[in-house]
Amino acid sequence: MVLFAVTCLFVCGAQEAESFGVDRYAIYIGSNNGGREHQQLMYAGSDAIAFQKTMKEIGGVPQTNAILLLDPTKDDLDQAIEAISDLIRRKRETSKRSEFLFYYSGHSDENALLLGNATYDYSGLKTAISNVPSDVHVVILDSCYSGNFIRTKGGQKKKPFLLDDSTVVKGHAYLSSSSSQESSQESDEIESSFFTNAMLTGLRGAADSSGDKKVTLNELYSYAFNETLSKTENTSAGPQHPNYNITLVGSGDLVLSDISNSDCVLSLSRDLNGRLIIRTKNGKLISEINKFGGKALFLALEEGDYNATLITDTMTMQGNFSLTSGKVYQLGPGNLHPVSGTFNRLRGGDGTQTSEDDEDDDDDEWDSGTLSEDTMFFPIEFSFVINEITRGFHKKIITPLSISILHSKVYRVNGVMVTLGINEADIINGVQTALVANTAHDLHGVQATCGLNSAHDFNGAQAALAINKADNFKGIQAAGIFNKADNFKGAQVAGIFNRGKEYLGIQGAGIFNVANDFTGGQFAGIFNSAKNTSGIQWAGFVNKADNVSGSQLAGFVNVAKDVHGVQIGLVNVAKDVHGFQFGLVNICDDGIIEIGTSFSSNRNFRLTMNSGKRYLYGMIGGLFSGNFLFDNYDGETRAHLIYGLGTRFQAGVFNFDLQAYRTVYNDSHHEDSYGINFCKIFIPQIRMETGFKPAKNINFFIGLNLIWGFGESNDVYDDFEKNLKIKFDDDFTVYPEIEIGVKYIIK
């Protein structure tokens with residue numbers, strides 16, 4: 001599937017370009033498909049999208065100057081290079097100078113990029129990029145054997161870096177993720193390739209060794225080389241060594257990103273020293289940095305909530321923080337708290353450590369007699385209001401059974417908690433039941449309530465007549481009204497509402513589903529909504545998604561921002577469609593919407609609307625028969641419904657269309673017991689037309705209709721004028737007709 005999106009949506013990027021004193025342009029390519037002989041990649045496309053986002057925010061490349069290609073053909077790539085070249089030429093008079101960035105993530109071999117079943121040889125690619133009329137060319141290839149691109153046509157490694165702060169440079173910079181004999185690797189853990197992840201982390205500030213809040217080419221390559229090598233040294237594919245060929249002439253190094261342009265900045269205190277790991281509150285890895293003490297470091301991140309872990313030689317510290325637009329947050333040792341190390345028992349004499357023993361130690365803590373000083377085992381915890389029996393011990397209670405009338409709060413339950421009011425527990429291995437509410441931090445088992453369930457880390461099932469809430473959840477949620485989960489793997493089932501922020505699994509609701517980042521399938525009786533969806537959405541009424549990779553299916557309406565797959569519904573609406581829309585009305589930014597009228601040799605008048613992509617659009621309208629346009633007509637005029645699909649080949653001002661459609665005929669030969677005419681549905685009919693566009697919004701066309709009649713369905717044509725018919729046998733007749741008409745092009 002070809003995904004070709006010219007991202008020229010905003011003009012706000014102009015301010016970013018001014019901060020660098022240049023106009024910057026870019027082509028970002030992600031190609032997961034390397035052909036039948038190569039394994040399908042998972043993150044090439046998302047890497048290209050992430051690179052585009054980073055360069056827009058802090059790299060001075062506005063979206064008006066950028067093209068994103070996902071799984072392109074060679075022709076798509078050539079067209080993009082030519083489009084960027086034309087844009088640079090048009091802006092040459094108003095810009096000081098220009099810089100061009102070419103980023104590719106995907107498959108390659110020793111000789112060429114692999115674009116699906118096609119190839120783009122390095123020599124041809126280098127020539128095409130060199131012909132882009134910019135002062136500087138920066139090429140970043142994240143693919144196997146990409147070092148061969150650097151060696152093409154005798155390229156040699158040269159001294160790559162100029163040291164002063166000026167940016168008046170010209171020339172080229174070629175960076176590859178691996179040498180000419182190495183494979184490039186991606187990781188499920190970081191959901192990216194090692195090289196691109198290092199580049200993005202470096203661009204966002206980790207590579208800023210000078211502390212000036214700017215990342216230069218010198219700093220970025222050094223950081224990406226060290227990080228990529230360290231992350232791949234122990235992989236099965238072996239170490240990966242990024243390469244370069246950089247020939248920049250002038251008086252300075254090239255600044256690639258400016259941290260001060262970011263809306264949200266994280267300042268790492270000079271007192272922090274160690275391996276710093278930053279994740280979102282849902283566990284997604286953002287940055288992993290070796291932070292050296294003695295100087296501050298600034299990172300450009302998105303607005304949101306984060307978790308930081310600092311690992312030193314002597315301890316591990318953790319903390320949470322939030323970034324707000326327009327503010328700088330300083331993270332120092334005072335924002336982190338020590339966490340206890342995990343004890344691992346050694347198995348045998350080889351020194352092997354296993355985390356399974358840790359779980360065994362925790363599970364057996366209360367019955368092995370090895371309780372810590374602040375914990376206490378109690379066989380049955382009974383509470384009327386608030387743990388009247390055990391609270392005097394001032395210790396954390398571990399019990400197999402907790403029973404409460406109003407309120408019970410214990411540290412750990414390996415068994416069952418029962419209450420008529422509220423259950424609270426830090427750790428549950430078993431079941432919580434309540435008529436009002438259950439809360440648990442770590443839960444392995446089942447929560448059941450008539451009111452509210454709440455759990456932070458959950459493996460099991462939640463069931464409620466009202467609300468379920470879980471932050472990290474693996475299992476099943478079921479509620480009569482509402483489910484909520486931030487990080488979810490499993491299935492959500494609700495009578496009214498489901499909500500999941502990031503999860504992999506299935507949502508099913510009687511009325512509504514909502515998900516921000518979703519991989520799996522959504523099913524709802526009325527409405528689905530997802531921001532980033534990979535998989536399937538299905539709804540009885542409406543689907544809504546910002547980015548869809550997969551399929552949207554609805555009984556009535558599909559709505560999406562970017563569709564990478566298929567939309568199926570009566571009405572399909574999308575901003576960018578890289579796939580297919582199947583529906584009667586299809587609306588997209590780069591599609592067509594046109595109203596047409598025509599008159600045929602059999603004196604049939606048609607009024608139709610075409611909408612959708614040119615290669616596949618929907619058609620709906622009406623056919624009016626009965627010669628009603630003529631003064632001498634005194635018969636009956638009947639209206640019939642037309643619906644179908646069409647495809648168009650465009651050649652300059654001419655177009656050639658092929659349409660397959662059905663007509664719901666108002667059949668006067670069949671009446672029910674009330675004297676009402678039946679509607680008779682016929683097999684698809686074919687229309688072939690040739691159009692001419694003399695003006696922007698006008699299209700004149702002439703076409704040939706082939707209408708089939710089978711058996712009794714031929715009776716309907718008794719009411720039609722038939723200038724020509726081709727009868728093959730008693731049951732099959734074709735009624736050709738010539739048609740002329742005009743269309744008004746809305747877009």
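Note that the coordinates shown come from a computational prediction; the quantities given were computed from them, not determined experimentally. Start at 1 with the first residue, then count along the sequence.
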Which atom names give the shortest non-hydrogen contact between [X] and [Y], and what distance separates them?
| X | Y | value |
| --- | --- | --- |
| I84 | N65 | CD1-O, 3.7 Å |
| A207 | Y223 | CB-CB, 3.5 Å |
| V265 | I259 | CG2-O, 3.8 Å |
| T119 | A112 | CB-CB, 4.0 Å |
| S262 | C264 | OG-O, 2.8 Å |
| I81 | A128 | CG2-O, 3.7 Å |

Checklist entry - What pairs with R279 under salt bridge (Lys or Arg N to Asp or Glu O under 4.0 Å), at least two apart in sequence or on another chain? => result none

Next on the checklist: Please list all pairs meeting ring pair (Phe, Tyr, Trp, His ring centres under 6.0 Å) that have one or both residues in residues 256-281, counting only residues at least two apart or in different chains.
Outcome noted: none

Checklist entry - Mind checking whether Y28 and F51 have parallel, tilted or perpendicular rings, split at 30° and 60°? => result tilted

Checking [Y] against [X]: is there a side-chain donor and acceptor pair closer than 3.5 Å?
| X | Y | value |
| --- | --- | --- |
| N586 | N572 | yes |
| S105 | Y43 | no |
| T216 | N218 | no |

I'd like to check [X] versus [Y] (side-chain heavy atoms, cut-off strictly below 4.5 Å). Are they in contact?
| X | Y | value |
| --- | --- | --- |
| Y103 | M55 | no |
| V138 | E99 | no |
| Y221 | L256 | no |
| L220 | M199 | yes |
| L268 | L266 | yes |
| I29 | F102 | yes |
| H137 | V132 | yes |

Would you tabulate the side-chain donor-acceptor contacts of residues 288-300 under 3.5 Å, counting partners in other chains and residues two or more places apart, or write 'none'?
from: E288; atom 1: OE2; to: R275; atom 2: NE; distance (Å): 3.4
from: N290; atom 1: OD1; to: R275; atom 2: NH1; distance (Å): 3.0
from: K291; atom 1: NZ; to: S269; atom 2: O; distance (Å): 3.1
from: K291; atom 1: NZ; to: L272; atom 2: O; distance (Å): 3.1
from: K291; atom 1: NZ; to: K295; atom 2: O; distance (Å): 2.8
from: K295; atom 1: NZ; to: S209; atom 2: O; distance (Å): 2.5

Salt-bridge contact [X]-[Y] (side-chain N to carboxylate O under 4.0 Å):
| X | Y | result |
| --- | --- | --- |
| K74 | D78 | yes |
| E57 | R204 | yes |
| D590 | K613 | yes |

[X] side-chain N/O to [Y] backbone N/O, donor-acceptor pair under 3.5 Å:
| X | Y | answer |
| --- | --- | --- |
| T647 | Y615 | yes |
| D47 | S193 | yes |
| R24 | G59 | yes |
| N697 | I745 | yes |
| N32 | A44 | yes |
| D208 | V215 | no |
| S134 | V136 | yes |
| D263 | S325 | no |

Next on the checklist: Is it the case that atom NZ in K327 sees more than 12 heavy atoms from other parts of the structure closer than 6.0 Å?
Outcome noted: no

Next on the checklist: Can you confirm whether or not the ring centre of Y25 sits under 6.0 Å from the ring centre of F100?
Outcome noted: no

Item to check | Step-by-step side-chain contact (heavy atoms from CB on, under 4.5 Å) determination, L175 to L217 | outcome: CA-CA 10 Å; L175 305 181; L217 189 61; 4.0 Å; yes

